[in-house]
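Every chain is numbered from 1, with letters handed out A, B, ... down the list of sequences. Everything quoted here is computed from the prediction, not taken from an experiment.
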There are 2 protein chains.
Amino acid sequence: MQVGVMKQTKLTIADIARKGGVSKATVSRVLNNRPYVEKATRNKVLAIIEETGFVPHHSATSLAGGKTNILGLLVPSLANPYSLTVIQGVAEKVAGKNLDLMLYTTGLSEKNQKKFLERLSKNAVDGLIVLLPRESTNFESELFSSDLPLVLIDHRSINADLPSIAVTNEKGGFDATEYLISLGHTKIGFIAGLLAFGCSVERLDGYKKGLEKYNLPFCEEYVVEGDFTEASGYRGAKELMLLPTPPTALFCSNDDMAIGAMQALEEMGKRIPGDVSIIGFDDSPRASLAFPRLTTIRQPLYQMGESAANLVVDLINGKSVAKKCIVLKTELIVRDSCAELSKVKK
Amino acid sequence: MQVGVMKQTKLTIADIARKGGVSKATVSRVLNNRPYVEKATRNKVLAIIEETGFVPHHSATSLAGGKTNILGLLVPSLANPYSLTVIQGVAEKVAGKNLDLMLYTTGLSEKNQKKFLERLSKNAVDGLIVLLPRESTNFESELFSSDLPLVLIDHRSINADLPSIAVTNEKGGFDATEYLISLGHTKIGFIAGLLAFGCSVERLDGYKKGLEKYNLPFCEEYVVEGDFTEASGYRGAKELMLLPTPPTALFCSNDDMAIGAMQALEEMGKRIPGDVSIIGFDDSPRASLAFPRLTTIRQPLYQMGESAANLVVDLINGKSVAKKCIVLKTELIVRDSCAELSKVKK
DNA sequence: GAACCTTCTGTAACCGGTTTCATACTAACC
DNA sequence: GGTTAGTATGAAACCGGTTACAGAAGGTTC
């Protein structure tokens with residue numbers, strides 16, 4: 001088709017073999033740094049490779065070798081800082097190894113999940129990290145039936161045998177609640193994330209446990225369900241603050257909702273933390289930028305990505321992994337958005 | 001190795017052919033939705049595929065078909081909101097098409113660039129989007145010599161023939177400067193990004209043009225070079241404010257540096273915008289969260305990603321593209337971090 | 001009814017590597 | 001010197017698809 005100077009025809013291992021006066025097998029041995037090649041031969045072949053700039057064809061290598069050297073990373077969305085930080089952790093860890101990173105965004109739709117599942121389960125990737133907080137039984141069972149090395153992140157697995165990275169969501173919920181109680185609060189509103197997500201339920205459980213420990217009543221009407229978005233935090237806060245006896249503190253199941261809640265309170269003329277204390281969850285970058293700076297429960301997102309990458313790489317390499325389920329610790333980060341109740345009593 | 005129930009041996013097209021009593025060729029035609037298959041035959045094959053859950057082997061398809069259906073996306077780092085937003089735009093556009101997204105992070109090191117170059121240039125991906133603001137002559141020439149569909153983002157290309165997505169960096173720099181001048185500022189400090197980056201130079205040029213238009217002197221000591229990090233903005237601001245006649249306004253070449261500068265000013269007891277006006281560049285998510293909310297020059301990062309994806313897909317499909325170099329517009333976003341000079345005169 | 005076109009299908013070559021196996025060569029040992 | 005072991009190498013099969021080509025069947029055209 002193309003007129004003009006002919007681009008050098010694509011080099012193959014056969015070309016290298018010919019130039020070197022050796023067989024394809026020998027070139028392959030050199031490429032893969034295998035034994036049984038005489039030093040002189042090896043050097044000769046290496047020189048030719050260097051000189052010609054030969055690079056093995058990725059698909060051919062994968063097909064013949066039975067592995068792709070590709071790690072799949074499945075995330076629901078790129079729009080939240082949560083996914084992004086995890087991705088960073090994975091990418092960083094993967095960079096050193098001889099692995100490429102394939103990014104799939106499912107958008108939470110079942111259809112997309114299915115589509116991606118096809119791609120991965122049979123081939124295409126050597127291993128997979130799935131960041132999929134939503135409970136999704138059929139999804140998981142399909143995954144499990146495949147024998148692809150697979151690590152779930154923050155997915156309250158039905159099957160405890162699946163390798164996974166989790167965080168102490170319940171303890172985080174408990175800690176946040178206990179902290180607010182320690183400041184003297186007894187009327188604590190809770191803006192949950194989508195309760196279809198395992199993490200949301202766990203945080204809610206932690207909240208309940210916290211109340212229980214200090215003999216505070218669990219009040220159904222103090223709990224509203226959001227969807228992790230700022231807007232839902234805003235709505236949730238308004239709803240809670242319009243109760244006959246509104247809470248004096250709000251615990252939001254992530255930072256975005258907390259920031260939405262802060263906006264709602266501001267609009268309602270409530271001072272933070274003067275009138276109402278707010279605590280979030282995640283410690284996303286926004287938390288420390290908010291005004292006032294947001295007290296929150298940190299999830300080690302970056303580290304979750306790293307751990308997942310390490311684990312899946314071990315699984316790929318067939319290493320026996322000691323702990324298939326890794327639970328990372330959440331941590332209370334105290335900033336400026338919570339205050340003692342006594343100080344705010346009118 | 002594995003004891004127990006034998007996992008179904010990996011299905012191949014040959015298995016499907018056998019079950020259907022047809023040839024591999026026919027199955028392939030069905031899979032690829034090609035003509036010359038009788039309706040009855042097609043349905044029979046489709047039924048078997050459905051029933052067995054057969055999925056073609058990706059590497060085999062790529063090898064035989066000569067295309068990978070993978071789009072490569074090369075970014076220097078995931079740590080800045082800049083890259084992330086572009087990635088979102090690309091990912092979103094790609095999701096609809098039958099393309100997978102391979103993410104490479106080079107970390108700005110020449111060595112990594114080289115490494116990735118090998119992967120991509122010969123095979124591995126069908127097309128590539130490169131987000132590589134650094135000037136890098138040899139890098140670019142290598143890219144150019146390859147015949148891979150390729151789109152550069154925000155890379156002041158030496159070779160104008162390369163398909164690229166750019167923004168009006170110079171105009172953005174000019175607009176920011178003009179805006180500050182319109183507020184009465186005449187002593188305007190400039191914290192540049194790394195001047196090895198094309199965009200940094202262009203913004204600096206815009207700054208100079210702005211001064212020139214209003215007959216203000218360009219003062220060498222009012223310009224410091226940062227590296228796009230918050231820390232460098234902090235340092236740059238301190239340096240500028242300690243000058244004998246410090247500027248009354250700071251133009252920072254990105255938002256992160258602007259936020260660093262705000263911190264420095266706060267520490268020095270300067271009020272923003274009361275004592276010093278600050279304007280950034282990017283309109284990253286942080287800009288609107290900062291206190292005071294940061295006035296800035298918006299880059300349409302998401303749209304840049306989208307445009308790049310569209311362009312590279314067209315190139316892959318061999319469509320004749322009308323405009324190989326797309327320049328997107330920057331936009332002044334006025335918020336709260338700049339004020340009129342007259343009002344702040346002591 | 002011969003020549004020709006179209007549709008449908010299968011055979012076999014091919015994509016560019018890896019790997020098994022056979023063989024040649026060298027060194028070692030008794 | 002004959003057996004043995006280990007290193008070095010190449011021929012050919014193989015990975016799982018796609019596709020060029022050939023041939024069969026059916027329908028037109030003259």
Side-chain angles (χ1 to χ4, degrees), chain A residues 8-46 48-49 52-70 98 118-126, chain B residues 8-46 48-49 52-70 98 118-126:
Chain A
Q8 77 271 6
T9 344
K10 212 177 291 174
L11 279 176
T12 74
I13 202 176
D15 298 320
I16 306 300
R18 196 174 319 114
K19 283 185 210 262
V22 297
S23 70
K24 286 168 42 178
T26 297
V27 177
S28 177
R29 290 190 190 101
V30 172
L31 283 171
N32 296 289
N33 213 7
R34 280 201 219 306
Y36 301 128
V37 182
E38 211 176 5
K39 192 128 196 167
T41 312
R42 189 182 298 272
N43 288 336
K44 181 173 58 178
V45 173
L46 283 174
I48 297 176
I49 291 174
T52 58
F54 167 76
V55 176
H57 189 285
H58 184 263
S59 300
T61 311
S62 300
L63 178 57
K67 47 192 304 215
T68 62
N69 288 318
I70 294 176
N98 188 25
E118 290 176 353
R119 309 291 281 260
L120 77 90
S121 67
K122 307 286 173 173
N123 39 55
V125 296
D126 287 347
Chain B
Q8 77 270 6
T9 345
K10 211 178 289 175
L11 279 177
T12 75
I13 203 175
D15 299 319
I16 306 300
R18 195 174 320 114
K19 282 186 210 262
V22 298
S23 71
K24 285 167 43 178
T26 297
V27 177
S28 177
R29 290 189 190 103
V30 171
L31 282 171
N32 296 288
N33 214 7
R34 281 201 218 304
Y36 301 127
V37 181
E38 212 177 5
K39 193 131 196 164
T41 313
R42 188 182 299 272
N43 288 336
K44 182 173 58 180
V45 173
L46 283 175
I48 297 176
I49 291 175
T52 57
F54 167 76
V55 176
H57 190 285
H58 185 263
S59 300
T61 311
S62 299
L63 178 57
K67 46 191 304 212
T68 61
N69 288 320
I70 294 176
N98 188 24
E118 290 176 353
R119 310 291 281 258
L120 77 92
S121 67
K122 308 285 173 173
N123 38 56
V125 296
D126 287 348

Quiz item: Are A:Phe54 and A:Leu31 close enough that some pair of their side-chain heavy atoms sits under 4.5 Å apart?
Solution: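 Counting from C-beta outward, A:Phe54 and A:Leu31 do come under 4.5 Å.
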Quiz prompt | Selection residues 27-43 of chain B - residue pairs positive for salt bridge (Lys or Arg N to Asp or Glu O under 4.0 Å), sequence neighbours left out | solution =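 For residues 27-43 of chain B, and leaving out neighbouring residues, there are no salt bridge (Lys or Arg N to Asp or Glu O under 4.0 Å) pairs at all.
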Quiz item: Any chance NZ of B:Lys67 has more than 12 other-residue heavy atoms, nucleotides or ligands included, within less than 6.0 Å?
Solution: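 12 or below, so no.
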Quiz item: Got a sec, which residues hit side chain to side chain contact (heavy atoms under 4.5 Å, CB included) with A:Ala64, two or more places apart in sequence or on another chain?
Solution: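 Once residues adjacent in sequence are excluded, A:Ala64 has no partner under the side chain to side chain contact (heavy atoms under 4.5 Å, CB included) criterion.
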Exercise. Using the test side chain to side chain contact (heavy atoms under 4.5 Å, CB included), find all partners of A:Thr61 that sit at least two apart in sequence or belong to another chain.
Key: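 A:Thr61 satisfies side chain to side chain contact (heavy atoms under 4.5 Å, CB included) with A:Pro56 once adjacent residues are dropped.
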Quiz item: Does B:Thr12 make a side-chain N or O approach to OP1 or OP2 of D:dG16 shorter than 4.0 Å?
Solution: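 For D:dG16, neither OP1 nor OP2 has a side-chain N or O of B:Thr12 closer than 4.0 Å.
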Rounding to a whole Å, what distance do you find between [X]:[atom1] and [N]:[atom2]?
X       : N      : atom1 : atom2 : result
A:Lys67 : D:dG16 : NZ    : P     : 17 Å
B:His57 : C:dG16 : NE2   : P     : 17 Å
B:Ile16 : D:dG17 : CD1   : P     : 9 Å
A:Glu38 : C:dA27 : CD    : P     : 11 Å
B:Arg18 : D:dG17 : CZ    : C1'   : 15 Å
A:Arg42 : D:dA8  : CZ    : P     : 9 Å
A:Leu63 : C:dT19 : CG    : P     : 12 Å
A:Tyr36 : D:dG10 : OH    : P     : 17 Å

Quiz prompt | Taking every non-hydrogen atom, the tightest pair across B:Leu63 and A:Ala60 | solution =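 Shortest heavy-atom separation between B:Leu63 and A:Ala60 comes out as CD1-CB, 3.8 Å.
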Quiz item: Looking across every strand, which nucleic acid part, if any, lies under 4.0 Å from B:Gly21 by heavy atom: base, sugar-phosphate, or nothing?
Solution: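 B:Gly21: backbone/sugar contact only, no base atoms under 4.0 Å.
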Quiz item: At under 4.0 Å between heavy atoms, what does B:Thr41 touch on the DNA or RNA strands: base, sugar-phosphate, or nothing?
Solution: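 Result for B:Thr41 = sugar-phosphate.
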Quiz prompt | Polar side-chain atom of B:Thr41 near backbone of B:Val37 as donor-acceptor pair, under 3.5 Å | solution =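 The answer is no, because no donor-acceptor pair under 3.5 Å joins these two groups.
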Quiz item: Is the side chain of A:Thr68 donor-acceptor paired with the backbone N or O of A:Asp126 at a distance under 3.5 Å, no angle test?
Solution: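 Between the backbone of A:Asp126 and the side chain of A:Thr68 there is a qualifying donor-acceptor contact (under 3.5 Å).
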Quick one: side chains of residues 20-27 of chain B, donor-acceptor pairs under 3.5 Å with protein atoms, not counting sequence neighbours, listed by atom name and distance.
from	atom 1	to	atom 2	distance (Å)
B:Ser23	OG	B:Ala25	N	3.4
B:Ser23	OG	B:Thr26	N	3.3
B:Ser23	OG	B:Thr26	OG1	3.4

Self-check item: Protein proximity profile, nucleotides 18-28 of chain D - base contact B, sugar-phosphate-only contact S, no contact -, cut-off 4.0 Å on heavy atoms
Solution: BBB--------
Exercise. For the helix from C:dG1-D:dC30 to C:dC30-D:dG1, measure the angle between the helix axis at one end and the axis at the other, each built from five pairs, rounding to 10°.
Key: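 Inter-axis angle at the termini of the helix from C:dG1-D:dC30 to C:dC30-D:dG1: 50°.
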